[in-house]
Peer 1: 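Shown below is the structure under consideration.
Fair warning: this is a prediction, and the values are worked out from it, not measured in the lab.
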Amino acid sequence: MRRHSRRGEAGRQVTAPSARGAEVGRRIGVGLMYGLWKPRVLGAWKVPATGPVIFAVNHSHNIDGPMVMGVAPRPTHFLIKKEAFIGPLDPFLLGIGQLKVDREIADRTAITDALGVLASGGVLGIFPEGTRGEGDFASLRAGLAYFAVRSGAPIVPVAVLGSSEKTSRLIKGLPPLRSRVDVVFGDPFEPGDGSGRRTRQALDEATGRIQKQLSAHLDHARRLTGRPENAGRPVGR
């Protein structure tokens with residue numbers, strides 16, 4: 001995978017996965033997502049056309065990341081758990097600009113790569129809940145606040161609704177083919193207090209502000225799409 005280097009803050013060298021690889025991933029996502037399902041995309045115009053951006057995406061199904069990659073107006077580099085990089089998926093995911101992260105440690109390589117994406121003016125995709133679950137933004141990890149406060153990049157909340165309401169009879173574990181999946185992009189916001197502080201207290205406060213914004217966006221997305229409150233939750237929960 002080609003990487004580009006540039007100077008980060010304090011003159012330190014940071015690396016970024018290839019934007020060209022992420023664009024290839026976006027094109028693949030377009031074909032697959034629109035070919036298999038019927039995405040309805042709302043608010044994509046709110047995504048800044050240039051400069052660093054962080055997508056904060058709720059996560060209730062494995063197709064949520066690929067769906068956002070396929071419908072977003074800009075190529076996206078997602079932080080993805082290392083367990084997904086198995087067999088041929090490892091070089092493929094790396095080749096399309098996705099970032100491997102070990103969730104059990106402070107993964108310095110993943111942190112550097114993510115900051116590199118933002119320093120290069122790219123789009124970083126994060127599941128702030130840390131893992132697939134209810135998809136309601138009820139429990140956030142501090143990583144999202146750290147990347148936003150350190151980079152200064154605005155956060156765009158993204159709600160994916162309908163991916164886990166039902167399962168396909170033909171392909172177990174996937175939404176029914178040709179079913180509608182809604183992706184709603186929200187207004188960009190900056191979670192910091194303007195001081196530039198990155199202390200534990202500052203990040204905790206930023207995380208609180210982020211959670212309120214994301215929860216409000218999810219509520220708005222449900223009303224906008226007519227989805228029930230459990231639209232983002234896995235079947236059977």
Peer 1: For K82, does its backbone N or O pair with a side-chain atom of R103 as donor and acceptor, under 3.5 Å?
Peer 2: no

Peer 1: With rounding to the nearest 0.5 Å, note down the distance linking CG in L32 to CE in M69.
Peer 2: 10.0 Å

Peer 1: Taking the side chain as everything from C-beta on, heavy atoms only, tell me whether R180 gets closer than 4.5 Å to R227.
Peer 2: yes

Peer 1: Find out whether V158 and V183 are in side-chain contact, i.e. whether some heavy atom of one side chain is under 4.5 Å from a heavy atom of the other.
Peer 2: yes

Peer 1: Compare all side-chain heavy atoms of L124 with those of L79 and state whether any distance is below 4.5 angstrom.
Peer 2: yes

Peer 1: Are any side-chain N or O atoms of S18 and backbone N or O atoms of R20, one a donor and one an acceptor, separated by less than 3.5 Å?
Peer 2: yes

Peer 1: Which value, rounded to the nearest 0.5 Å, describes the distance between D193 atom CG and E205 atom CD?
Peer 2: 6.5 Å

Peer 1: What pair of heavy atoms forms the shortest contact from I111 to F147, and how long is it?
Peer 2: O-CE2, 3.9 Å

Peer 1: So if you build clusters from Ile, Leu, Val, Met, Phe, Trp, Tyr with side-chain heavy-atom gaps below 4.5 Å, do L42 and V30 land together?
Peer 2: no

Peer 1: For the CG atom of L36 and the CG atom of L174, what is their distance to the nearest 0.5 Å?
Peer 2: 8.0 Å

Peer 1: Before accepting this row, confirm whether a basic side-chain N of the pair E23/R26 lies closer than 4.0 Å to the acidic partner's carboxylate O.
Peer 2: yes

Peer 1: If you count the non-hydrogen atoms of other residues, nucleotides and ligands that lie under 6.0 Å from CZ in R108, is the total more than 12?
Peer 2: no

Peer 1: Using modelled atom types only, decide if a donor and an acceptor are shared between the side chain of D113 and the backbone of L99 within a distance under 3.5 Å.
Peer 2: no

Peer 1: Do the side chain of S215 and the main chain of Q213 share a donor and acceptor less than 3.5 angstrom apart?
Peer 2: no

Peer 1: Could you tell me whether a side-chain N or O of H77 sits under 3.5 Å from a main-chain N or O of Q98, the two making a donor and an acceptor?
Peer 2: no

Peer 1: Evaluate the side-chain proximity of I210 to P128: yes if any heavy-atom separation is below 4.5 Å, no if none is.
Peer 2: no

Peer 1: Quick one: does H217's side chain have a donor or acceptor within less than 3.5 Å of a partner on V184's backbone?
Peer 2: yes

Peer 1: Rounded to the nearest 0.5 Å, what's the gap from CD1 on I86 to CG on L93? Could you check?
Peer 2: 10.0 Å

Peer 1: Check the pair K100 / D90 against salt bridge (Lys or Arg N to Asp or Glu O under 4.0 Å), numbers first and verdict last.
Peer 2: CA-CA 9 Å; K100 183 191 302 186; D90 183 50; 3.0 Å; yes

Peer 1: For the atom pair CD1 (I96) and OG1 (T76), what is the distance rounded to the nearest 0.5 Å?
Peer 2: 10.5 Å

Peer 1: Can you sort out the partners of A153 under side-chain contact (heavy atoms from CB on, under 4.5 Å), two or more places apart, ordered by chain and number?
Peer 2: P52, I54, L118, S151

Peer 1: Using a 6.0 Å cut-off, check whether atom CD of E104 has over 12 heavy atoms from anything other than its own residue.
Peer 2: no

Peer 1: Enumerate the residue pairs fulfilling side-chain hydrogen bond (donor to acceptor under 3.5 Å, both in side chains) with a member in residues 30-42, sequence neighbours excluded, ordered by first and then second residue.
Peer 2: R40-D182

Peer 1: Examine F55 together with F78 and report whether their ring centres are nearer than 6.0 Å.
Peer 2: no

Peer 1: Does D64 use its side chain to pair, donor to acceptor, with the backbone of H61 at less than 3.5 Å?
Peer 2: yes

Peer 1: For a quick test of reading the model, state the closest non-hydrogen atom pair linking A159 to L218 and the distance between them.
Peer 2: CB-CD1, 3.8 Å

Peer 1: Specify the closest pair of heavy atoms between V47 and P73, including all atoms of both residues, with the distance to one decimal.
Peer 2: CB-CG, 3.9 Å

Peer 1: Between the main-chain N or O of P48 and the side-chain N or O of R74, is there a donor-acceptor pair closer than 3.5 Å?
Peer 2: yes

Peer 1: How far apart are the C-alpha atoms of L144 and L214, what are their side-chain angles, what is the distance that settles it, and do they pass the side-chain contact (heavy atoms from CB on, under 4.5 Å) test?
Peer 2: CA-CA 12 Å; L144 175 56; L214 298 187; 4.3 Å; yes

Peer 1: Please give me the minimum heavy-atom distance between V53 and V156, naming the atom from each residue.
Peer 2: CG1-CG2, 3.7 Å

Peer 1: Taking all atoms of both residues into account, what is the closest heavy-atom pair of N62 and P66, and its distance?
Peer 2: O-CD, 3.4 Å

Peer 1: Indicate, with yes or no, if L224 and F185 share a hydrophobic cluster defined by side-chain heavy-atom contacts under 4.5 Å among Ile, Leu, Val, Met, Phe, Trp and Tyr.
Peer 2: no

Peer 1: For a quick test of reading the model, state the closest non-hydrogen atom pair linking A145 to A206 and the distance between them.
Peer 2: CB-CB, 4.0 Å

Peer 1: So does V160 get a backbone contact from the side chain of N58, meaning a donor-acceptor N/O pair under 3.5 Å?
Peer 2: yes

Peer 1: Please check: side-chain N/O of T207 versus main-chain N/O of L203, any donor-acceptor pairing under 3.5 Å?
Peer 2: yes

Peer 1: Under 6.0 Å between ring centres: does that hold for F92 and F85?
Peer 2: no

